[in-house]
Amino acid sequence: MSEHMLVHLNVVRPVGAFSIDHPNAQYFFAQLPLVFAQARADDDLLWHNHGARMPDGSYTDTNGIIGHRSDRTEDNIHILTMAGWRDLAAMHRFTYREPLHRDGMKTLRDWVDRSEGPTMVMWWAPRGTRVSLEAAWDKMQMLRRDGPGPDAFTLQQRFDPPG
């Protein structure tokens, strides 16, 4: 077993006006408990965390999203989901092969703002590490600023674990 785990952060900033009453938000938040339950049952998932980065740069749990309303993309929250996986194959299998998660991504693909750059970043961390949402956000900004490297990479440009 490797001394490292793969950590990934996925960022969803909704396109256009946002409220918890929006049909895409309703779908997204209805699917989350189902996806998280399925993920918890996966032996290759070591942990997961989720929350949001608010427009002012503060962080909140998913309950903090409920009261957020905006009229335009630029004022929207960034919904964050993060997990530690046994390895890249495990993360890839769950993300792209499990029907519930895969179909949800397809349903919501046009709801995700991609104007800021990549919406997913990965990196290797020592097994057992718990990563804060703030530290994960910094990894995303590193990827967006510097491009893929061993400390922040994409599925298209992957790096092996250290050692």
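Keep in mind the model is a prediction, meaning the values are calculated, not measured.
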Worksheet, complete the sentence: Here the pair of heavy atoms bringing Pro162 nearest to His4 is CG-NE2, 3.6 Å

Fill in: CG-CG distance between Leu80 and Asp61, expressed to the nearest 0.5 angstrom
12.0 Å

Worksheet item: Where do Trp137 and Val11 come nearest, in terms of heavy atoms and distance?
Response: CZ3-CG1, 4.1 Å

Fill in: Thr95 side chain near Met105 side chain, heavy-atom distance below 4.5 Å
yes

Item to complete: Could you pull out the closest heavy-atom pair between Ser70 and Gly16, with the gap in Å?
Response: OG-O, 4.2 Å

Worksheet item: Quick one: CG on Asn10 to CE on Met140, what's the gap to the nearest 0.5 Å?
Response: 7.0 Å

Practice prompt. To the nearest 0.5 angstrom, please state how far the CG atom of Asp138 sits from the CG atom of Leu143.
Written response: 12.5 Å

Worksheet item: Nearest heavy-atom pair of Ile77 and Arg13: which atoms, and what distance?
Response: O-CG, 3.3 Å

Worksheet item: Is there a donor-acceptor contact under 3.5 Å from the side chain of Arg127 to the main chain of Ser2?
Response: yes

Worksheet item: Is there side-chain contact between Met120 and Met91, with heavy atoms separated by less than 4.5 Å?
Response: yes

Discussion item. Do Val15 and Ile79 land in one hydrophobic cluster if side-chain heavy atoms of ILVMFWY residues count as linked below 4.5 Å?
Written reply: no

Discussion item. A side-chain contact here means heavy atoms from C-beta on lying under 4.5 Å apart; do Pro118 and Arg144 qualify?
Written reply: yes

Fill in: Within 6.0 Å of CG in Asp103, more than 12 heavy atoms from elsewhere
yes

Discussion item. So, taking the atom named CD1 in Ile65 and the one named OG in Ser19, what distance separates them when rounded to the nearest 0.5 Å?
Written reply: 12.5 Å

Worksheet item: Going from CE on Met54 to CG on Asp75, what distance comes out if it is rounded to the nearest 0.5 angstrom?
Response: 11.5 Å

Discussion item. Let me check something: do Leu108 and Leu100 share a hydrophobic cluster, defined by ILVMFWY side-chain heavy atoms less than 4.5 Å apart, either directly or through other members?
Written reply: no

Discussion item. Is there a side-chain contact between Thr81 and His48 in this structure, where contact means two heavy atoms from C-beta onward sitting under 4.5 Å apart?
Written reply: no

Discussion item. Is there a side-chain contact between Asp151 and Met142 in this structure, where contact means two heavy atoms from C-beta onward sitting under 4.5 Å apart?
Written reply: yes

Listing, residues 26-46 side-chain donor-acceptor contacts under 3.5 Å, not counting sequence neighbours, or none:
residue, atom, partner, partner atom, Å
Gln26, NE2, Ile20, O, 2.5
Gln38, NE2, Glu98, OE1, 3.1
Asp42, OD1, Asp44, N, 2.8
Asp42, OD1, Arg93, NH2, 3.0
Asp42, OD2, Arg93, NH1, 3.0
Asp42, OD2, Arg93, NH2, 2.7
Asp44, OD1, Arg86, NE, 3.0
Asp44, OD2, Arg93, NH2, 3.2

Response to the item:
Scanning both residues in full, the closest heavy-atom pair of Val7 with Ala125 reads CG2-CB, 3.9 Å

Item to complete: Could you walk me through whether Trp47 and Thr129 pass the side chain to side chain contact (heavy atoms under 4.5 Å, CB included) test, one step at a time?
Response: CA-CA 10 Å; Trp47 55 266; Thr129 301; over 6 Å; no

Worksheet item: Should the pair Tyr96 and His92 be assigned to parallel (<30°), tilted (30 to 60°) or perpendicular (>60°) ring geometry?
Response: tilted

Worksheet item: Less than 4.5 Å apart, any side-chain heavy atom of His68 and any of Thr60?
Response: no

Worksheet item: What heavy-atom pair brings His22 and Ala17 nearest, and what distance separates the two atoms?
Response: CD2-O, 3.9 Å

Discussion item. Checking ring pair (Phe, Tyr, Trp, His ring centres under 6.0 Å) between Trp85 and each of Phe94, Trp123, Trp124, which is the one that passes?
Written reply: Phe94

Worksheet item: Got Leu88 and Phe159 here, is their nearest side-chain heavy-atom distance under 4.5 Å?
Response: no

Worksheet entry | Asp113 vs Pro14 side-chain heavy atoms within contact, under 4.5 Å | no

Worksheet item: Same cluster for Val12 and Leu133 if Ile/Leu/Val/Met/Phe/Trp/Tyr side chains link at under 4.5 Å?
Response: no

Item to complete: Establish whether Leu9 and Val112 are linked, either directly or via other cluster members, by ILVMFWY side-chain heavy-atom contacts under 4.5 Å.
Response: no

